[in-house]
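Okay, so here's the structure we're looking at.
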Amino acid sequence: MGATVNTFMILWSDKELTPYWVLAGGCLLIWLLLFARSRIPVRQRDDRPVGVQIGNGQTIGARNEQDDYFACAVQPHGVLAVLADGISGLSGGKVASTTAVETFIREFEELERFPDPEEFWDASSHAANQAILRNLLGVPGGTTLVSAMIKGRDLYWGAVGDSILAVFRKGELLAINHKHTLESQLEEQYMSGEISEQEALDNPQRKRLVNYLGYDHFKQMEIADEPFALQPADKIVLCSDGVYNSLTEMELETILAQDIPPFDAAQAIIDLIEEKQLVHQDNATIIILEQGW
């Protein structure tokens, strides 16, 4: 041990070796800094709804009353967007859509952490259905509803009725949910050979809703089995039938492809609908979410 120390002291005092000692000391300092940095815990970005931009737009169209209703909630554990289209043919459409959206938002805001999606959709939809029936006091009413819940890069969703959820990716709108209309059932019957194509097309009731919130026989929403994996630059679109029945898919994609904030895109879509001045223009509502995943 003593011989080792003596040897080290001789080398340390040798001025010709000074540059090598400086170099060795610098390397040791860099290693210590890298080691210390590796010990600092890194917060996972996927756990935060960072930077989600939300845009929306709405028009009453040619109707006397706005039966669409929508809202978004941004919490530390995730983001929720809800859009409901009250059934205009029923006098309680506005009551139904408003009650449904407020119920979903309240259920989400009361959570302390991100929920099990299936449990959330199931509990919230039945709570909303019961609340609608109570508020209608026997008046006919009901509403479609589409809802998106985001955590990190995962998109969860639940839907009932014919409002739609889609993801705009690389210039194309990707449909996510199904429409709960007689038309969808007729299409399935045609594909299975139960009816002819003409019988499916000629059915005068094919636009009739077969599932919605606000009636005694409601059973469940359509709920995603697996989350939809979002990619950078994806735009999530929620809209009522007053939007997709008034614009072509190409018109929607042309606006969504523009490099503008989601609020401006939503307003541009509503402006285009109003410019058409369709005689029977329905209420139209759209929500666009982007970035942050």
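- Using a 4.5 Å heavy-atom cutoff, the side chains of Leu247 and Ile273 are in contact.
- A heavy-atom distance below 4.5 Å is found between the side chains of Leu213 and Phe218.
- Note that CD1 of Ile54 is 12.5 Å distant from CD of Gln291, once rounded to the nearest 0.5 Å.
- Between Phe104 and Leu145 there is a side-chain heavy-atom pair separated by less than 4.5 Å.
- Scanning all heavy atoms of the two residues, the minimum distance from Cys72 to Ile105 falls at C-CD1, 4.0 Å.
- In this structure, Tyr215 and Tyr212 have parallel ring planes: the angle between them is below the 30° cut-off, well short of the 60° mark.
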**Study point:** Evaluation steps, side chain to side chain donor-acceptor pair (under 3.5 Å), between Gln220 and Ser125
**Key:** CA-CA 7 Å; Gln220 63 183 24; Ser125 61; over 6 Å; no

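- Checking side-chain atoms of Asn177 against main-chain N and O of Val160 turns up no donor-acceptor pair under 3.5 Å.
- The main-chain N or O of Ala96 is never found under 3.5 Å from a side-chain atom of Thr99 such that the two would form a donor-acceptor pair.
- Between Asp282 and Arg63 the shortest side-chain heavy-atom distance falls below 4.5 Å.
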Check your understanding: Hey, mind stepping through Phe108 and His77 against ring-ring contact (aromatic ring centres under 6.0 Å, His included) and telling me if it holds?
Key -> CA-CA 10 Å; Phe108 186 73; His77 48 265; 5.4 Å; yes

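- Scanning all heavy atoms of the two residues, the minimum distance from Val101 to Ala71 falls at CG1-CB, 3.6 Å.
- Across Leu136, Ile132, Thr143, a single residue satisfies side-chain contact (heavy atoms from CB on, under 4.5 Å) together with Val95, and that is Leu136.
- Listed for the Ser147 side chain is a donor-acceptor partner under 3.5 Å among the backbone atoms of Ala81.
- Put simply, CD on Glu249 and CG on Leu256 are 10.5 Å apart, with the number rounded to the nearest 0.5 Å.
- No donor-acceptor distance shorter than 3.5 angstrom exists from the side chain of Lys94 to the backbone of Gly86, with no hydrogens or angles considered.
- Between the side chain of Asp234 and the backbone N or O of Gln231, at least one donor-acceptor pair lies under 3.5 Å.
- The CD atom of Glu251 sits 3.5 Å away from atom NZ of Lys276, with the distance rounded to the nearest 0.5 Å.
- A salt bridge does not link Glu253 with Lys170: none of the charged nitrogens is closer than 4.0 Å to a carboxylate oxygen.
- Put simply, the side chain of Gln53 never gets that close to the backbone of Leu289: no donor and acceptor are under 3.5 Å apart.
- Looking at Trp121 and Glu107, their side chains never come closer than 4.5 Å, going by heavy atoms from C-beta outward.
- Across Ile270 and Gly57, no two heavy atoms sit closer than the pair CG1-C, 3.5 Å.
- Between Glu290 and Pro262 the shortest heavy-atom distance is OE2-CD, 3.1 Å.
- Taking the ring centroids of Phe114 and Tyr156, they lie under the 6.0 Å cut-off.
- Within the 3.5 Å criterion, the main-chain N or O of Asn56 finds a donor-acceptor partner in the side chain of Gln267.
- Nearest approach of Ser124 to Thr103, heavy atoms of both residues: O-CG2, 4.1 Å.
- For Glu274 (side chain) and Asp271 (main-chain N/O), no donor-acceptor pair under 3.5 Å exists by modelled atom type.
- Of the listed residues (Leu238, Ile164, Val82, Asp162), just one forms a side-chain contact (heavy atoms from CB on, under 4.5 Å) with Val146, and that residue is Leu238.
- Of the residues listed (Asp68, Asp241, Thr144), the one engaging Ser163 in a side chain to side chain donor-acceptor pair (under 3.5 Å) is Thr144, and it is the only one.
- Shown are Asn283, Ile287, Thr285; of these, the side-chain contact (heavy atoms from CB on, under 4.5 Å) with Ser240 is made only by Thr285.
- Using modelled atom types, one side-chain atom of Glu222 and one backbone atom of His178 make a donor-acceptor pair closer than 3.5 Å.
- Pairing each heavy atom of Gly55 with each of Ala266, the nearest pair is C-CB, 4.1 Å.
- A donor-acceptor distance shorter than 3.5 angstrom exists from the side chain of His180 to the backbone of Gly161, with no hydrogens or angles considered.
- Transitive grouping of hydrophobic side chains (ILVMFWY, heavy atoms separated by less than 4.5 Å) keeps Val167 and Ile260 in distinct clusters.
- Counting only heavy atoms from C-beta outward, the side chains of Ile236 and Trp157 never approach each other to under 4.5 Å.
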